[in-house]
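Report on the structure given below.
In listed order, ligands and their atoms are each counted from 1. If you read the sequence from its start, that first residue is 1, and numbering goes on from there. Keep in mind it's a predicted model, so treat the numbers as computed, not measured.
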Amino acid sequence: MTAPDASASPNASAPKPRAGLLDIAAYVPGKEHAPGVAKVFKLSSNETPLGASPRAIEAMQAAAGALERYPDGQALALRAAIAEVHGLNIDNILCGNGSDELLGLIAHAYLGPGDEAIITEHGFLVYPIQIRAAGAKPVTVKERDCQVDVEAILAAVTERTRVVFLANPGNPTGTYVPADAVRRLHAGLPPSVLLVLDAAYAEYVRRNDYAAGLELVSGADNVVMTRTFSKIHGLAALRIGWMYGPRAVIDVLNRIRGPFNLNSLAIAAGAAAMRDREFARTAAEFNAHWLDELTRALTTLGLQVTPSVANFVLIHFPDVDGKRAPDADAFLTARGFILRAVKGYGLPNALRLTVGTEEANRGVVEALAAFLKD
Ligand SMILES: *Cc1c(COP(=O)(O)O)cnc(C)c1O
């Protein structure tokens, strides 16, 4: 007997997915392997080089003693820690299996066939996937030189617009929309349109005119902010995200989420990580130092770097044979430095570099110097 061929086009009588789902290109995570290279530096997924808080690891190990039990479906311990540290009402907090899950829940709850959702030119690729999965249409708004254009977003709003997804800071650009421009965006949207502020990198930003969105959420019925434990808290493996939003939105998402969407190890580790503020502060300081250093060193090499406020930089390569982004990618990978190709984000001649350990950062600059000279 031969096994059914899963890759070939299905025969006419096989189950069929909803219209549009086969138009979705699956998300491609950052590369992890450099074949044949002994020492690999993975700088392709914006993971922290500093690991997780020892307190988070300890809490997770303690929770591992009760794996036979279902987790707390309300994730109370985690929501309490977030509420306490950020000074928020616990009823306005919802946790997810990564913020990716929350973005998907939002799309499925507020979008359907015939609806439009606005995203930006170099926006996070999870948004169009979830918009299409909900049967709606992504409407892409141009950015200006990797900078989100709030007025262009407002100009793209139609009577079909239901949701606007804005990563702030942006990924893979690393640029940010100042608080007054976000307020202008919100003020210009019809009250029926949900503004989703994805602040996955908020903890890294050191700018007086930046706000993650807490105030805006508090004062409106149509704004939510999502955050993650995957970046500065170093818990990407555990999949923990959280959302701050109006009670009405939280209520809707609570109805459609999985009843135990966060596992008990994630709840325990996340709560401990949130309370370890010293660990997060140290991580932010480390990042600020190396973000500066990398930007300066790469610019000195003659590369164009988009000014970033996050834990990564977007590097633009010369439009010269042998020196373009794919050439650099191959050169660096052969030396164990794995960066993120961002062609799928409309940036075919750029690579995104995550701030790594000191050894990784120095090594990648050295390797790029060799690449450009070569
Ligand atoms: C990394 C990232 C996230 C976080 O996703 P998780 O599912 O929480 O790991 C969300 N949004 C953006 C823009 C990101 O880059």
Residue pairs passing the side chain to side chain donor-acceptor pair (under 3.5 Å) test where at least one lies in residues 56-69, sequence neighbours excluded: none
Going by an N to O cut-off under 4.0 Å, is there a salt bridge joining Asp115 and Arg162? yes
Is a side-chain donor-acceptor pair under 3.5 Å present for Asp198 with Tyr127? yes
Can you tell whether the side chains of Arg227 and Glu203 come within less than 4.0 Å, N to carboxylate O? yes
Proximal protein residues to ligand 1, non-hydrogen atoms under 4.0 angstrom: Gly98, Ser99, Asp100, Phe124, Asn171, Asp198, Ala200, Tyr201, Thr228, Ser230, Lys231, Arg239
So, Phe165 versus Phe124, ring centres under 6.0 angstrom or not? no
Check Asp319 with Arg324, please: is the shortest side-chain N to carboxylate O separation under 4.0 Å? yes
